[in-house]
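To start, the structure under review is shown below, and the notes come after it.
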Amino acid sequence: MPFVLKRFELKEETLAFVWLMRTFGITQGEAQRIIDRGRLLCRGETLPDKSARISGEVEVVYFEAQSRGNLPILTTPDFYLFDKPSGVLVHPKKMMTPYSMLDEVRHFGGQHANAVHRIDKETSGLLLASRHKEAERFLKGAFERKAIQKSYRAWVQGRVKKPFSVDAPILLNNDYGPTKHKVFIHRSGKRAYTTFHPIQYDKTLDATLLECIPHTGRTHQIRIHLFHVKHPILGDPIYGTSYEVAEAYLEERLSPEERQRHTGADRLMLHAYSVEFDYKQHWRLFSRNDFSQEKTAIAPPDKREFNLTNGWKIESEKPEEVLS
């Protein structure tokens with residue numbers, strides 16, 4: 001378990017955050033967050049404030065990285081590049097999370113290394129991680145400024161014959177009553193623009209491998225845009241399924257067999273393929289995984305079913321014409 005409890009004996013009274021900084025080699029902000037989250041205990045009790053002084057028996061709950069051998073595919077003095085497997089979180093969702101990519105990032109880079117962006121748990125592919133705080137600030141800022149270009153690969157339902165684009169605004173969903181979608185297409189949403197290029201079509205699976213380039217950075221942008229044009233990503237348990245299936249997935253009640261039948265694959269068939277940015281030099285980096293071979297996870301057409309009406313549409317949009 002990455003979070004461990006360790007006991008210490010302090011002979012002299014000292015400021016709690018100062019002791020944490022010296023003991024773990026962390027910044028004052030990081031030390032104060034440990035205290036705020038109740039992870040520093042003195043004589044069995046959490047501290048009342050960040051300026052508290054401590055002595056005697058002290059316990060600290062802290063993150064201790066445990067690698068599973070997911071090596072970085074690129075190492076520079078400033079950052080690491082990992083190929084994240086599908087099904088692995090970038091950061092632990094809770095203290096009991098058994099493993100996340102943060103284990104690998106901290107295992108190789110130490111306490112100050114950190115992932116600088118997020119990828120959905122089920123999306124595989126490229127993950128950038130900073131090796132020091134200066135790189136973390138720069139790379140996180142570059143993602144926020146949209147100065148880092150990304151491309152993805154996706155296996156989708158049906159045949160796509162030629163390139164197309166989707167320019168449809170996305171709104172965060174505040175009502176999970178009719179659907180479990182995190183976002184949906186709506187006029188009052190924020191602009192979202194994605195271009196798609198077919199790479200190959202598998203007739204036996206009735207599935208197309210697409211290159212997906214998001215020109216804006218909205219939540220679930222590629223997933224909702226492909227669902228919107230009736231080519232949902234295979235394996236997507238939220239967009240393209242019924243409310244009941246999505247709920248069962250979120251509550252971890254969906255069996256592997258049901259997952260394949262209702263979504264078409266046993267994982268989300270989306271892969272972060274490339275990143276391009278400037279940091280001390282120009283970088284254009286690619287995943288080493290051949291995502292075209294991941295089609296083995298896709299169920300045959302006669303073994304899968306979808307609910308393509310489960311969601312909102314813009315009435316004036318005619319997605320069928322986009323693909324003609």
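Values below: every heavy atom of this structure, side chains too, minus hydrogens, waters and symmetry copies.
At a threshold of 4.5 Å between non-hydrogen side-chain atoms, the residues Y99 and L89 do not count as touching. Between H117 and L127 the shortest side-chain heavy-atom distance falls below 4.5 Å. Between F196 and V160, every side-chain heavy-atom pair lies at or beyond the 4.5 Å cut-off. Side chains of F291 and M269 form a contact here, defined as non-hydrogen atoms less than 4.5 Å apart. Between Y239 and H228 there is no side-chain heavy-atom pair separated by less than 4.5 Å. Between I35 and L20, the closest side-chain pair of non-hydrogen atoms falls below 4.5 Å. Between L126 and I73 the shortest side-chain heavy-atom distance falls below 4.5 Å.
Distance check, rounded to the nearest 0.5 Å: NZ of K280 to CG of D78 gives 3.5 Å. Here the CZ atom belonging to R223 is positioned 11.5 Å from the CD1 atom belonging to I170, to the nearest 0.5 angstrom. Between Y176 atom OH and H181 atom NE2 the span is 10.5 Å, to the nearest 0.5 Å. Rounding to the nearest 0.5 angstrom, the gap separating the CD1 atom in I233 from the NE2 atom in H220 is 10.0 Å. Once rounded to the nearest 0.5 Å, the distance linking CZ of R131 with CG of L139 reads 13.0 Å. Distance check: I199 CD1 to W155 CH2 gives 8.5 Å after rounding to the nearest 0.5 Å.
Heavy-atom neighbours of E252 CD from other residues, nucleotides or ligands within 6.0 Å: at or below the threshold of 12. Around CD of E45, the count of heavy atoms belonging to other residues, nucleotides or ligands within 6.0 Å does not exceed 12. Within a 6.0 Å sphere centred on CZ of R22, heavy atoms belonging to other residues, nucleotides or ligands number 12 at most. Counting heavy-atom neighbours within 6.0 Å of E13 CD, excluding the residue itself, gives a total above 12.
By the 30° and 60° cut-offs, the orientation of the rings of Y279 relative to F138 is parallel. By the 30° and 60° cut-offs, the orientation of the rings of F184 relative to H186 is perpendicular.
Checked against F108 for a side chain to side chain contact (heavy atoms under 4.5 Å, CB included), the options T75, L71, D103 give a single hit: L71. A side-chain hydrogen bond (donor to acceptor under 3.5 Å, both in side chains) with T216 holds for exactly one of Q221, R191, K146, K190; it is Q221. Partner V166 forms a side chain to side chain contact (heavy atoms under 4.5 Å, CB included) with one of T195, V229, I224, I222 and no other, that one being V229.
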Walk me through whether Y152 and Y273 qualify under ring pair (Phe, Tyr, Trp, His ring centres under 6.0 Å).
CA-CA 5 Å; Y152 293 77; Y273 178 70; 9.9 Å; no
Determine whether E136 and N114 satisfy the following criterion, side-chain hydrogen bond (donor to acceptor under 3.5 Å, both in side chains), listing intermediate values before the conclusion.
CA-CA 7 Å; E136 180 178 358; N114 200 18; 3.0 Å; yes
Check against side-chain contact (heavy atoms from CB on, under 4.5 Å), L268 and T123:
CA-CA 6 Å; L268 178 68; T123 302; 3.5 Å; yes
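Between F286 and S274 the shortest heavy-atom distance is CD2-CB, 3.7 Å. Closest non-hydrogen pair, K303 versus A299, comes out as CB-CB, 4.4 Å. Considering all non-hydrogen atoms of both residues, I54 and A16 come closest at CD1-CA, 3.8 Å.
With H225 contributing its side chain and A168 its backbone, the two residues share a donor-acceptor pair below 3.5 Å.
Note on F82 and L128: separate hydrophobic clusters, where clusters join Ile, Leu, Val, Met, Phe, Trp and Tyr whose side-chain heavy atoms are under 4.5 Å apart, directly or indirectly. Residues Y201 and L209 are members of separate hydrophobic clusters, defined by side-chain heavy-atom contacts under 4.5 angstrom among Ile, Leu, Val, Met, Phe, Trp and Tyr. In this structure, V105 is not a member of the same hydrophobic cluster as V275, with clusters built from ILVMFWY side-chain heavy atoms closer than 4.5 Å.
When only modelled atom types and interatomic distance are considered, S287 and R153 share no side-chain donor-acceptor pair under 3.5 Å. T208 and H231 share no donor-acceptor pair across their side chains, judged by distance under 3.5 Å alone. Checking S86 against E122 by side-chain atom types alone, no donor-acceptor pair falls below 3.5 Å. Judged by distance alone, the side chains of Q149 and H215 never bring a donor and an acceptor atom under 3.5 Å apart.
With salt bridges taken as basic N to acidic carboxylate O contacts below 4.0 Å, none links E64 and K6. Contact check on R7 versus E59 returns a salt bridge, with a Lys/Arg side-chain nitrogen under 4.0 Å from an Asp/Glu carboxylate oxygen.
The salt bridge (Lys or Arg N to Asp or Glu O under 4.0 Å) pairs that include a residue from residues 23-39 are E30-K133, D36-K50, where partners are two or more places apart or lie in different chains.
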